[in-house]
Amino acid sequence: LLRRRIGSVDERRVLGSSLRIVCASALLAAVSFFIWLGLDHVLGRSFPAQLLSLGSALAVGLAVYLAASRLLRVQELEAVLSLRARARRS
């Protein structure tokens, strides 16, 4: 029913894009976990130490995700970045 209304959905392109996003997300998860784990062992379990280890893991994970998405040519990332650039100019 939906296909009749919106026309053909390029399943191949959607699947390819989804696989690239999953790969970038897996890298984000792995890097974030191991950064957190290493800092957790070094810094301990106090609240400030956990804030630092989690914040660092998230920041590094985000950088890895963005880099991986660019390398894998995730088109959706380029769309978001162009919107962000356009918002900055306004």
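Being a predicted model, the structure only gives us computed values, none of them experimental.
Atom OG of S18 is separated from atom CD of E11 by 11.5 Å, given to the nearest 0.5 angstrom.
Grouped by direct or indirect side-chain proximity (heavy atoms under 4.5 Å, Ile/Leu/Val/Met/Phe/Trp/Tyr only), L39 sits with L27, V31, I35, V42, L43, L52, V60, V64. The other residues sharing a hydrophobic cluster with F47 are L51, where clustering joins ILVMFWY side chains under 4.5 Å apart. Cluster partners of L19, using a side-chain heavy-atom cutoff of under 4.5 Å among ILVMFWY residues and allowing indirect links, are L15.
Pairs of residues two or more places apart, or lying in two chains, that qualify as salt bridge (charged side-chain N to carboxylate O under 4.0 Å, His left out) and include a residue from residues 78-90 are R70-E78.
With sequence neighbours excluded, the residues forming a side-chain contact (heavy atoms from CB on, under 4.5 Å) with L28 are S32, Y65, listed by chain and number. By the side chain to side chain donor-acceptor pair (under 3.5 Å) test, Q75 is found to be paired with no residue, residues two or more places apart in sequence or in another chain being considered.
E76 and I21 make their closest contact through OE1-CD1, 4.1 Å (heavy atoms, listed as atom of the first residue, atom of the second, distance). The nearest pair of heavy atoms linking Q50 to G44 is NE2-O, 3.2 Å. Across C23 and L72, no two heavy atoms sit closer than the pair CB-CD1, 4.0 Å.
Contact annotation: the side chain of L62 never approaches that of L58 to less than 4.5 Å [non-hydrogen atoms, C-beta and beyond].
Between the side chain of S56 and the backbone N or O of S53, no donor-acceptor pair lies under 3.5 Å.
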